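Below, read A as the first sequence line, B as the second, and so on, with proteins coming before strands; counting in each chain starts at 1. Keep in mind it's a predicted model, so treat the numbers as computed, not measured.
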Amino acid sequence: MPRVTFREDRCKGCELCKNFCPKGIVVMADHINAMGFHPATVVEIEKCTGCAICAMMCPDVVIEVEKEEKKVG
Amino acid sequence: MPRVTFREDRCKGCELCKNFCPKGIVVMADHINAMGFHPATVVEIEKCTGCAICAMMCPDVVIEVEKEEKKVG
Amino acid sequence: MKKVFERPKSLKDMPFHYCPGCTHGIAHRLVAEVIDELQVFEKAIAVAPVGCSVFCYEYFDCDAYQASHGRAPAVATGIKRVLPDRVVFTYQGDGDLAAIGTGEIVHSAARGENFTVIFINNAIYAMTGGQMAPTTLLGQKTTTTPFGRDHKLNGSPVRMSEMLSVLDGTAYAARVSLHNPANVTRAKKAIKKAFEVQIAGLGFSIVEVLSSCPTNWGLPPLKALKWLEDNMLPYYPLGEFKKPAEVI
Amino acid sequence: MKKVFERPKSLKDMPFHYCPGCTHGIAHRLVAEVIDELQVFEKAIAVAPVGCSVFCYEYFDCDAYQASHGRAPAVATGIKRVLPDRVVFTYQGDGDLAAIGTGEIVHSAARGENFTVIFINNAIYAMTGGQMAPTTLLGQKTTTTPFGRDHKLNGSPVRMSEMLSVLDGTAYAARVSLHNPANVTRAKKAIKKAFEVQIAGLGFSIVEVLSSCPTNWGLPPLKALKWLEDNMLPYYPLGEFKKPAEVI
Amino acid sequence: MAKILMKGNEAIGEGAVRAGCRYFFGYPITPQSELPHYLAKRMPEVGGLYLQAESEVASINMVFGAAGTGARVMTSSSGPGISLMQEGISYLAGAELPCVIVNMIRGGPGLGNIAPAQSDYFQATKGGGHGDYRLIVLAPASVQEIIDLMQDAFDLSDKYRNPVMLMGDGVLGQMMEPVEIGDQKPFELPEKPWAVTGRLRGKEKRLINSLYIVPENCEVHNFKLEKKYTGIKEAEQRWEEYRTEGAEMVMVAFGTSARICKSVVDRCREEGLPVGLLRPITLWPFPEKGIVRLVDSVKSFLTVEMNMGQMVEDVRLSVNGKRPVHFYGRVGGMIPVARDVYTEVKKIFNGGVA
Amino acid sequence: MAKILMKGNEAIGEGAVRAGCRYFFGYPITPQSELPHYLAKRMPEVGGLYLQAESEVASINMVFGAAGTGARVMTSSSGPGISLMQEGISYLAGAELPCVIVNMIRGGPGLGNIAPAQSDYFQATKGGGHGDYRLIVLAPASVQEIIDLMQDAFDLSDKYRNPVMLMGDGVLGQMMEPVEIGDQKPFELPEKPWAVTGRLRGKEKRLINSLYIVPENCEVHNFKLEKKYTGIKEAEQRWEEYRTEGAEMVMVAFGTSARICKSVVDRCREEGLPVGLLRPITLWPFPEKGIVRLVDSVKSFLTVEMNMGQMVEDVRLSVNGKRPVHFYGRVGGMIPVARDVYTEVKKIFNGGVA
Amino acid sequence: MHEGILIAGFGGQGVLSTGQLLAYSGMVEGKHVAWIPSYGPEMRGGTANCGVTIADSPISSPVVSEPTVLIAMNRPSLEKFEKVVVPGGIIFVNSSLINIKATRADVRTFYIPANDMAEEIGSSKVANNIILGALLELTRVVTTGAVEKSLYEVLPPHHHKMIPINLKALEVGAGLVRE
Amino acid sequence: MHEGILIAGFGGQGVLSTGQLLAYSGMVEGKHVAWIPSYGPEMRGGTANCGVTIADSPISSPVVSEPTVLIAMNRPSLEKFEKVVVPGGIIFVNSSLINIKATRADVRTFYIPANDMAEEIGSSKVANNIILGALLELTRVVTTGAVEKSLYEVLPPHHHKMIPINLKALEVGAGLVRE
Ligand SMILES: Cc1ncc(C[n+]2csc(CCOP(=O)(O)OP(=O)(O)O)c2C)c(N)n1
Ligand SMILES: Cc1ncc(C[n+]2csc(CCOP(=O)(O)OP(=O)(O)O)c2C)c(N)n1
Ligand code: SF4
Ligand code: SF4
Ligand code: SF4
Ligand code: SF4
Ligand code: SF4
Ligand code: SF4
Ligand SMILES: [Mg+2]
Ligand SMILES: [Mg+2]
């Protein structure tokens, strides 16, 4: 299962990640962070493909994506 | 016969008129004018067609060309 | 676990001051990724403009200059002529590059100055409060075109990439956009090519990046991307306008 | 007897200060003839540049301005925006228009300012003593390219007419030459069209005139014309790059 | 007359429109952006033109073009942009074209910041451009005064055929204060027999020009300008005196810093310290007369500026060594705090010239 | 050492090369064109660069770029071009970048003409750009001194991390005089631990910048600059005194006009009139110390300038009311004639303050 | 009287217009008033604040560097400006959005759940006016009448229907702090 | 000694380099010298002139506004500068190209057909030196030896073969005015 990490304090709640996630698993949290924004987070991480599209579209470099390494050969 | 008039004191002796006259009848005078240039002038005016090419190429608007008016009709 | 996406090394670990959803941030990251990938971090010198991205000198973790409004290409010329083996790039907005800095960008291109320009076209003067830029679209409302930009009054938007491509010194010119993932990927490729052109010493390279300004367009971030797609793309065609034979 | 050629009325009866054989004089005369023929003498306002033709404000017998170096298009903008029914034209050299005045000419064109530009391209900064201009040819020796202009060092000559034609606001752009009678005739036609475009209110019009500078090219007048023909024409193609449908 | 609440930057715009200005050419810059925003809306209402130029260099040259036709025209900017206009300003002064240039000064040098400052005093009053020329420089200290001085700016400009600069800062531009603007009066442009408008109806040829290739002629032109400047120095010095009667110390300050000094004067007077304020309204011509009038009765001067000491030179030149002239300045976008100025005043009163 | 005959403009170029300058960015303008012509040939000989910019605005910003790398770099222009550089100069001063800017002053204002003048004194010394900053301004009066001062210009510039301006005029630039230039000495660039050259070998990040968005920081920066300027004022005032011993009147003049005043001094002395000359070599810092040293023993001063009266303000500030300070000026490209200056001196001696 | 009121919050919370309303009301009452916004690129972050001075005598600097009253509409504003309030001054904390407490002991602090109360009376848009009501009640810097008059002047006619709810908000706010 | 020599003619007549030669010679002799050309757009017309000052004491202004000697190589130069020569000064008129006479009575005027004489001795290029020779003979401003030395310095080596004819021209010119 891939891992998607949000640096919550940096999130500005712009929703670009949420919009572009092909699996629709990024949602905005109910609480607000120190900057006053509802930060993004992933639900149903098991649906995540680790495509990193969310991260690619994040203007604030909030997101890191990790994936299991494929066995070679 | 056309009339080609040179305003001699304005001539800078650049020889453009001389070079471009299709009849080759523009020559540079031996004497120099007040500005120290050999001014252009026309010899054999009878060969002149009144084409005004000399005037058209003169950068210093030295030349005026007159021609007999064609009879109309 | 392998990181498939992480913060590029060349981007200092600090928050951007940009508004939520402002794609200046994506452009920054792409540039930093390219610097990382080309392993030119130690040689890189950034020239920051005046505009919302004025503080980019803080974000890129390489040596940097802050240039006066529009003059980044002249500053870059000065740097690159002294240090021809460094990798020099400017990062400029459309007010900076296409208005006040027209002379500098045109002649840097004409001279074939061997540096790279990242040109953020957001169709607005963002930093100063949303005034019309030379790239503002016809009909677009801004604080100085309250009734919409009108060709009769303000002329038509300039297509800088096309214009600069006319010049012999321009080695590489491309227009890209940041409005969706596919285009972000393409944008990065173009930025990488531009840097490669510089590293190969082929001359002037520029990547025009269509970018959003939610704040001054008065739109939420997603709608801003949609507006970009619907309105800017038709007027500003994407693609490579010029590339040297040497570059694949 | 009928005058088939005489001094145009719009050209004051005084000698030019130009060097022998300098085609600035021919360009002046053509502009004056066009003003006469279009009968716009009373409405004409000339804007003189800084360059050898700085005194053209004296020669054109209409109202006139002397503008700062490169800024004639901005000055003309100011005039024409106040007096839209006057016929305003700038007369600029290649240093004036293509170097220091790049921003002003590009944006006057982009805005579609409704005035006419006569652009004298003599591939040199003549007035200041023969330095390289943006339009100086590769290999051409000038006082600041003593070993000939080199692309690596100085970039390549800019083709302004082509570049300005990219802009939507440019209604008419043509390049002509003064090196022989046939071309002088064509030059006049282009100048006339440019003024007609203005009078019809169609936007920005520019005529680039290839012109000789015997003094700074170090050639006698005739050889200078030959040099122009042999060297400038191949790099600077003549023709109309843009014209409005309305104009025949 | 009813008052309305108005922003300084907008007051510049409205003041200009009421003074008959119909042409604005400019390039955006903080902290004056509300002015272009205002005029972009307002100019079309009065048949005027707001045109955004591609740069400050272009702006000032568009002003040159429009001013030469006789129109009332203005531009506006701040520090860096005004610096870029210096060549154009020198040309305007050389060609004797009337126009109004607004500088809402910000912290410098270089990009500095956008906070209020007064560090362009030298540039405005001594000539930031080349050659011998002068601008008439007006320094309002309230939104109401902005409105009033805009009218004067255009009138003086036409009267003397000279560019006029209005100097403010971000505080004056951004703040709102109540103003009385009254009804717009009909205005008539003064005759401008030198204006270039084409030779319609057989007019003699006219020319807008600053080129005098023969030094002798250029000198004559400069002498003519100098004579004009001397006349302006004689006739147009303006200043406000605030509680200078019986003052032993007079502060000299303009614009925003003068506002602060006023409150210091009040506090000092309350405490029985005989302190007054001379507030230059014209920075050029500097109100030398005002200083000279006070110099014998006053024991010392304190110049307070939002810079490192610029106007203080003009104060010293006016005082001409007869009294000590002290200086207190904040800089880089900082505004003097009344308390600190008061401390400075006290220090001088106690003989401690710090 | 053998003398050679050299043109002032070329001496600027040769002096720069000998001082280790390897980068020139500029835009042609009369009357300094021989300098670019010279350097276009000379720079390649020493592995340096002559690059013609598209404008003066570009030139000064190229200088900004090159200076930031630590290289010795210069530009050159005259009046209108220098005006266009004002924004860039303010940035250079704000970012504390060393470089040399040459202004061969011509008649102004506006396009004026190309004849010699000194009317850009204010612009150079008081700051033609925005914000509080200073240029070190050097004024040579002979071709030999041009060569010598070019070395000083680059050294001072590096020492203080401040732009230096060399001011001359068409006479100094166009004339040829004998000079001794000697052999070129090997030079070493001073260490520049602030220079931006990339983070090779793991260097810490460096930045060339003039932006201080927080006013508090900008003020600190300005105070730092001010401290530097105060140090320069203390350490670097330079002037030449010519026959000032026992002088009752001292003329103050720089550059070309100082040459003329020298001959007037000689004539006066021959006739027994105790007249001397103080020739400022640094215009900023103005040689106040020189004036102060003389002020008690001298009865009056006469400032002679090729402008309408600019340096005279600094003379007055230095004299501070203790003695009358007279002014004589020619302008617009005119050079004072020794005979006329002599007449002026006599007039003052005869008590007629004309 | 010399009140320096600093109103701070996120962009979009209407802090600038609330300040203008207050200044306008002061003007209506013939007082000396000045209003000044923060300006600058820090706006990018999305915070906004303005200072309003209302006084009996001419106002020297309109910049409110030492406020007698702070209205903190969000947390960053409280954190940033709490320390500059004059001793004895007042801090209003919008406790709907701010979940921390002020730390100063030498000022009077009022926690007002402005957004919640505004929703309660029917419009989230009048949160600022709830606090404004409290402010007027405590300081009497201007009268409610002046505010009402100002609302008619400031709001474009098609928004006049909003005036009653605005006045209601003032009333509610005042009630909260009325002893 | 303080000689101010104005040399004027068409561009291409070598007036600037003749002036430089003279200045160089003065320098060689340890005198104070200064040379200055006219500069400016009036060059467009094709005229050129320069001033050379040679003196025993430092030179104040290098601009020769009141020449002690005028060398007029063409007619416009004579017409333009005749009037500024100091009373008692010298005017050399290149009578090969100038067919008018000087009108001043208070100066000494010498008519020298310089171009013709230069052709005679074998090179039209040395016309200036004919007049220079006359000048030296009359004023002794510098010695012929200094000029010879200077020619070796000033001319590039491949032109040194021209030196004899230059010296010859000086000699011929001197002869013309030698009493
Ligand atoms: C000489 C000068 N003129 C004007 C400004 C004000 N200014 C700062 S940024 C800017 C425009 C920014 O627009 P753009 O370059 O498009 O960048 P963006 O903010 O949109 O990213 C302007 C006009 C300045 N700083 N300096
Ligand atoms: C601001 C400024 N910079 C430089 C100059 C000097 N200058 C005068 S004319 C000129 C160039 C002229 O060249 P061009 O425009 O090609 O006209 P030409 O003389 O060739 O006809 C320059 C650089 C100036 N007058 N003003
Ligand atoms: S990595 Fe892909 S699937 Fe996973 S959350 Fe991000 S966008 Fe969605
Ligand atoms: S894209 Fe980034 S900043 Fe925007 S909501 Fe997602 S994580 Fe937050
Ligand atoms: S009119 Fe024609 S034929 Fe006659 S002289 Fe002129 S060019 Fe020759
Ligand atoms: S073209 Fe004109 S200037 Fe040239 S030689 Fe002929 S007449 Fe004279
Ligand atoms: S104002 Fe626009 S461009 Fe600037 S940071 Fe905000 S969204 Fe981005
Ligand atoms: S220098 Fe050249 S462009 Fe100028 S007048 Fe002479 S020939 Fe014509
Ligand atoms: Mg932008
Ligand atoms: Mg040219």
Counting heavy atoms not belonging to [X], are there more than 12 under 6.0 Å from its [atom1]?
{"X": "E45(E)", "atom1": "CD", "answer": "yes"}
{"X": "E188(E)", "atom1": "CD", "answer": "no"}
{"X": "K228(E)", "atom1": "NZ", "answer": "yes"}
{"X": "K192(E)", "atom1": "NZ", "answer": "yes"}

Decide, yes or no, whether a salt bridge links E54(E) with R111(D) under the criterion of side-chain N to carboxylate O below 4.0 Å. yes

So which heavy atom on [X] is nearest to which on [Y], and how close?
{"X": "A66(E)", "Y": "V82(D)", "value": "CB-CG2, 3.6 Å"}
{"X": "L211(E)", "Y": "F55(D)", "value": "CD2-CE2, 3.6 Å"}
{"X": "F41(D)", "Y": "R199(E)", "value": "CZ-NH1, 3.6 Å"}
{"X": "H69(D)", "Y": "Y91(E)", "value": "N-OH, 4.2 Å"}
{"X": "A74(D)", "Y": "A58(E)", "value": "CB-O, 3.7 Å"}
{"X": "Y65(D)", "Y": "T69(E)", "value": "OH-N, 3.1 Å"}

Can you check whether [X] reaches [Y] side chain to side chain, under 4.5 Å on heavy atoms?
{"X": "K205(E)", "Y": "K12(D)", "value": "yes"}
{"X": "T77(D)", "Y": "L51(E)", "value": "yes"}
{"X": "I79(D)", "Y": "M62(E)", "value": "no"}

Gap separating the CG atom of D85(D) from the CG atom of L200(E), nearest 0.5 angstrom: 7.5 Å

What part of [X] is in contact with chain D, defined as an atom under 4.5 angstrom from a non-hydrogen atom: side chain, backbone, both or neither?
{"X": "R22(E)", "answer": "neither"}
{"X": "V63(E)", "answer": "neither"}
{"X": "S55(E)", "answer": "side chain"}

Looking only at the side chains, is there a donor atom on one of S68(D) and N61(E) sitting less than 3.5 Å from an acceptor on the other? yes

For chain D, the option from S59(E), G48(E), G65(E) that forms the most heavy-atom pairs under 4.5 Å: G65(E)

Identify which part of [X] has an atom lying under 4.5 Å from any heavy atom of chain E, answering side chain, backbone, both or neither.
{"X": "V50(D)", "result": "side chain"}
{"X": "A67(D)", "result": "backbone"}
{"X": "A44(D)", "result": "backbone"}

Under a 3.5 Å distance rule, please check whether R86(D) uses its side chain to pair with a backbone N or O of T197(E) as donor and acceptor. yes

I'd like to know which of G103(D), C62(D), A46(D) tops the heavy-atom pair count under 4.5 Å against chain E. C62(D)

What residue in H107(D), E42(D), K43(D), Q66(D) has the most heavy-atom pairs under 4.5 Å with chain E? E42(D)

